[in-house]
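What follows is a short report on a single structure.
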Amino acid sequence: MRNREIAELLYETADIMEFQQIEWKPRAYRRAAQNIENFGEDIEKVYEREGKKGLTEIPGVGESIADHIAEYLETGKVEKFEELKGKAPSGTTELMEIRGLGAKKMKKLADELEIKTISDLKDAVSTHRLRRLEGFGEKSEENIARAIENYEKSHSRIPLGKALPLAEEIISALKTELRIRTPDIDLSKIIYTGSLRRLKETIGDIDILAEAKERDAGGMMNAFVSLPEVGQVVSKGKTRSSVIIKEGFGIDLRIVPPESYGAALQYFTGSKEHNIELRNIALREGYKLSEYGLYSKDSGQQVAGRSEEEIYRKLGLKYIAPELRENRGEIKAAAKNALPELVDAEDLRGDLHMHTKYSEGAESLETMIKKAEAMEYEYIAITDHSRSQKIANGMEIETMKAQWKEIEEMSKRFRMKILRSSEVEILKDGSLDYPDEILKELDVVVGAVHSGFAVSEREMTGRIVTALENRHLDILAHPSGRLLGKREAYAVNFGKVFEAAAANGKVMEINCQPSRLDLNDELIFRAKDYGLKFCISTDSHAVSDLTSMRYGLGQARRGWLEKEDVVNTYPYSKLKGVFKKLRD
DNA sequence: GCCGTTTTCGGCCCGACTGTTTTCAGTCG
């Protein structure tokens with residue numbers, strides 16, 4: 001999949017155009033880049049199949065950008081972009097990442113101080129050359145110095161698994177502080193928004209929204225910026241403040257009055273693309289939509305704003321869950337009352353992937369069972385690693401048999417159904433890591449690839465398809481093998497994998513580990529089209545991991561999954577119908 | 001450069017905050 005790579009190229013080009021004060025084109029390029037990034041299919045494949053015509057079908061991609069993409073795919077570069085790059089300082093795109101530096105200021109820095117890279121900029125700051133420049137001052141120089149520091153510390157995105165608990169922590173700390181300072185104000189409407197509320201796999205900044213009457217807003221802001229977690233206050237106003245917490249992440253707080261709370265929640269939740277589309281609908285219907293509310297164009301009167309529900313309703317749309325707001329067709333579906341009824345946390349009845357001390361888990365079988373039972377699960381599968389996974393203390397057959405015995409004993413003591421299982425290595429040739437007579441004794445077989453990633457797409461596809469054709473395999477674990485921020489998915493033809501899985505009635509895992517989230521939202525969306533079923537599994541290595549269910553659930557919802565699509569929402573009596581060995 | 005129930009040209013989201021300047025430009029989301 002080269003979509004991200006091509007999107008990057010377009011973003012970079014947009015930055016350079018911006019620097020050269022070219023109007024509107026940067027916006028067009030960024031829009032195209034964003035759509036390519038979110039495009040479900042590999043656009044290289046689209047180009048191979050349908051040529052340039054296929055590329056222009058992508059929203060935001062017209063004749064010209066399609067030409068550039070084609071050139072890039074054919075030759076590995078774009079002549080025009082190279083030319084453009086040659087005219088801009090070498091570090092332009094990097095410098096544009098410095099908070100507070102936009103195209104105009106950068107141009108000035110390049111023209112008057114010959115600043116071309118971040119290290120040039122650092123130099124200019126330390127020798128105080130910046131503050132003497134017209135339009136700059138002492139304050140800007142200090143801010144830029146700090147911005148460079150922040151850029152160097154962490155300019156990468158925060159994984160959902162880190163951002164979500166962090167946001168909850170900050171909100172809870174803020175509430176505690178406010179209860180002490182101003183005990184009589186309503187604290188029920190403080191919520192995280194942005195890509196975090198949409199449960200995207202990684203988050204840039206954490207955005208928090210709070211409702212408060214005007215007279216209470218100041219006090220709330222003061223409480224926020226003086227939280228002990230705050231490392232640096234970037235800006236502070238009556239309605240918006242921006243801080244960087246000690247861990248290095250940016251957090252924004254916005255405060256709005258009650259009559260605008262719903263509109264602000266809608267607006268700040270995004271996505272940007274979803275909102276632009278929504279605004280267009282508002283305009284067509286004779287309204288104007290902003291973060292303050294929905295207003296009648298003629299009278300200027302507010303017609304909605306207290307709640308999101310009210311806004312969607314007035315626009316003739318069903319309420320759209322945050323996870324769907326990516327402008328991937330949800331608005332059209334909402335207009336036709338054809339939105340999916342998304343799978344919910346309460347629907348989940350079990351967890352089909354977890355480890356114990358038998359392989360690389362940290363806890364005993366009993367500890368895992370106790371915790372799962374406390375979570376009111378109806379069933380779990382114990383999936384310790386198979387024998388060839390030496391590094392993860394994979395189980396020899398004898399060890400596994402001992403585990404079966406313990407499972408049997410536990411089954412007498414606990415109400416919950418405990419399934420015999422294993423995360424079985426899919427070997428290089430696509431065969432499974434235990435002989436058939438062992439596999440058939442397992443209730444569920446979870447197959448996974450853990451090694452030998454660096455093979456051709458054909459080879460990896462063949463390996464996985466062979467495994468999917470094995471009658472003993474039930475679930476394909478973390479199907480893409482990616483590790484967020486560390487390792488790309490291995491080269492594999494997902495079309496063929498999904499086809500084989502569908503033909504053989506196999507279940508696709510949505511792995512909840514924050515570093516995996518695999519399948520991701522786009523692949524889930526694609527896989528659903530093949531009629532596949534999924535399981536949302538934590539791949540727990542300790543009891544604390546059992547709660548990471550919500551991260552995978554978020555991806556499932558982002559992939560438009562309904563309860564029926566997810567087999568671990570089924571009661572055990574129905575689950576038995578899904579897996580062959582349980583059925584027989 | 002893209003796009004179209006305001007359609008093949010002329011728009012393209014828009015409001016808050018900061019710093020520098022003294023009424024506003026630049027940046028951000």
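Lettering of chains follows the sequences in order, A, B, ..., and the numbering in each one begins at 1. All heavy atoms count here, side chains included; hydrogens, waters and symmetry mates do not. Predicted model only: the values in this text are computed from it and were never measured.
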Legend entry - Which residue lies more 5' along DNA chain B, comparing Val234(A) with Glu134(A) via nearest heavy atoms: Val234(A)
Inset, instruction - In whole angstrom, give me the gap between the P atoms of dG19(B) and dG10(B). - result: 41 Å
Legend entry - Validation row: Thr93(A), Glu97(A) side chains within 4.5 angstrom (heavy atoms): no
Legend entry - Protein-nucleotide distance (Arg254(A), atom CZ; dC17(B), atom C1'), rounded to Å: 11 Å
Legend entry - Integer angstrom distance from the C1' of dC12(B) to that of dC17(B): 24 Å
Legend entry - Between dA16(B) and dG11(B) - C1' atom distance, rounded Å: 24 Å
Legend entry - Same-atom distance (P) from dT20(B) to dC28(B), integer angstrom: 16 Å
Which side-chain N or O atoms in residues 136-146 of chain A pair as donor and acceptor under 3.5 Å with protein atoms at least two apart or in another chain?
residue: Ser140(A); atom: OG; partner: Gly137(A); partner atom: N; Å: 3.1
residue: Glu141(A); atom: OE1; partner: His128(A); partner atom: ND1; Å: 2.6
residue: Glu141(A); atom: OE1; partner: Arg131(A); partner atom: NE; Å: 3.0
residue: Glu141(A); atom: OE1; partner: Arg131(A); partner atom: NH2; Å: 3.0
residue: Glu141(A); atom: OE2; partner: Leu130(A); partner atom: N; Å: 3.3
residue: Glu141(A); atom: OE2; partner: Arg131(A); partner atom: N; Å: 2.9
residue: Asn143(A); atom: OD1; partner: Arg146(A); partner atom: NH2; Å: 2.9

Inset, instruction - Just call it for Lys25(A): base, sugar-phosphate, or nothing, with non-hydrogen atoms closer than 4.0 Å on any strand. - result: base
Inset, instruction - Give the rounded distance in Å between these two atoms: CD1 of Ile276(A) and P of dC14(B). - result: 10 Å
Legend entry - Stacking of Phe136(A) on dT20(B) base (centres under 5.5 Å, planes under 30°): no
Inset, instruction - Measure from CD on Gln34(A) to C1' on dC13(B) and round the result to the nearest Å. - result: 14 Å
Legend entry - Strand-adjacent residues in residues 50-73 of chain A, judged by heavy atoms under 4.0 Å from DNA chain B: Pro59(A), Gly60(A), Val61(A), Gly62(A), Glu63(A), Ser64(A), Ile65(A)
Inset, instruction - Report yes if a donor N or O on one partner sits less than 3.5 Å from an acceptor N or O on the other, where the partners are the side chain of Arg27(A) and the base of dC12(B); otherwise report no. - result: no
Legend entry - Donor-acceptor pair, side chain of Asn275(A) and main chain of Tyr267(A), under 3.5 angstrom: yes
Inset, instruction - Report the distance from atom CG of Leu294(A) to atom C1' of dC13(B), rounded to the nearest whole Å. - result: 15 Å
Inset, instruction - Could you check which of dG1(B), dC13(B), dC17(B) has an atom nearest any side-chain atom of Thr239(A)? - result: dC17(B)
Legend entry - Pair Glu309(A) + Lys314(A), salt bridge at N-O below 4.0 Å: no
Legend entry - Inter-nucleotide C1' distance (dT8(B), dC3(B)), Å rounded: 10 Å
Inset, instruction - Taking ring pair (Phe, Tyr, Trp, His ring centres under 6.0 Å) as the test, write out the residues that go with Phe268(A), two or more places apart. - result: none
Inset, instruction - Can you tell me, in whole Å, how much space there is between the C1' of dC9(B) and that of dC14(B)? - result: 24 Å
Legend entry - Nearest listed nucleotide, side chain of Ser140(A), among dG19(B), dG1(B), dC13(B): dG19(B)
Inset, instruction - Select base, sugar-phosphate, or nothing to describe what Tyr292(A) touches, counting heavy atoms under 4.0 Å on all strands. - result: sugar-phosphate
Inset, instruction - May I ask you to say what Ile98(A) touches in the nucleic acid, namely base, sugar-phosphate or nothing, with a heavy-atom cut-off under 4.0 Å? - result: sugar-phosphate
Legend entry - Matching residue for Leu253(A) among Met221(A), Lys236(A), Arg240(A) - test: side-chain contact (heavy atoms from CB on, under 4.5 Å): Met221(A)
Inset, instruction - Determine the Euclidean distance between corresponding P atoms of dT27(B) and dT21(B); express it in Å to zero decimal places. - result: 15 Å
Inset, instruction - Before giving the answer on side chain to side chain contact (heavy atoms under 4.5 Å, CB included), spell out for Phe224(A) and Glu177(A) the whole-Å C-alpha distance, their side-chain angles and the decisive distance to 0.1 Å. - result: CA-CA 8 Å; Phe224(A) 174 62; Glu177(A) 187 60 30; over 6 Å; no
Inset, instruction - May I ask you to say what Lys272(A) touches in the nucleic acid, namely base, sugar-phosphate or nothing, with a heavy-atom cut-off under 4.0 Å? - result: base
Legend entry - Counterpart residues, ring pair (Phe, Tyr, Trp, His ring centres under 6.0 Å), relative to Tyr47(A) (two or more places apart): none
Legend entry - Distance in angstrom units between Leu289(A) CG and dC14(B) P, rounded: 11 Å
Inset, instruction - Considering only atom P, compute the distance from dC24(B) to dC13(B) and round it to an integer number of Å. - result: 24 Å
Inset, instruction - Considering only NZ, NE, NH1 and NH2 on the basic side and carboxylate oxygens on the acidic side, decide whether Lys52(A) and Asp67(A) come within less than 4.0 Å. - result: yes
Inset, instruction - Under 4.0 Å between any heavy atoms, over every strand shown, what does Glu138(A) touch: base, sugar-phosphate, or nothing? Just pick one. - result: sugar-phosphate
Legend entry - Residue list, side chain to side chain donor-acceptor pair (under 3.5 Å) with Gln513(A), at least two apart or on another chain: Asp539(A)
Legend entry - Whole-Å gap separating P (dG26(B)) and CZ (Phe19(A)): 14 Å
Legend entry - Nearest-nucleotide 5' precedence on DNA chain B, Tyr29(A) against Ser290(A): Tyr29(A)
Legend entry - Glu18(A) bridged to Arg30(A) by N-O distance under 4.0 Å: yes
Legend entry - Nucleotide of dT6(B), dC13(B), dG1(B) approaching Arg284(A) most closely (side-chain heavy atoms): dT6(B)
Legend entry - Length of the line joining Tyr267(A):OH and dC13(B):C1', which is rounded to integer Å: 7 Å
Inset, instruction - Measure from the side-chain heavy atoms of Lys80(A) and tell me the nearest of dG29(B), dG1(B), dA16(B). - result: dG1(B)
Inset, instruction - Identify the nucleotide, in any strand shown, that forms a Watson-Crick or G-U wobble pair with dG26(B), with both distances under 3.5 Å; if there is none, say none. - result: dC17(B)
Inset, instruction - Kindly state which residues belonging to residues 99-132 of chain A come within less than 4.0 angstrom of DNA chain B, counting heavy atoms of the residue only, listed by number. - result: Arg99(A), Gly100(A), Leu101(A), Gly102(A), Ala103(A), Lys104(A), Lys105(A)
Legend entry - From dC13(B), dG15(B), dG19(B), nucleotide with atom closest to Asn143(A) side chain: dG19(B)
Inset, instruction - Write down the distance between CD (Glu18(A)) and C1' (dC28(B)), rounded to a whole number of angstrom. - result: 11 Å
Legend entry - Residues Gln302(A) and Tyr292(A): side-chain donor-acceptor under 3.5 angstrom: no
Inset, instruction - Compare side-chain N and O positions of Lys139(A) against OP1 and OP2 of dT21(B) and report whether any pair is under 4.0 Å apart. - result: no
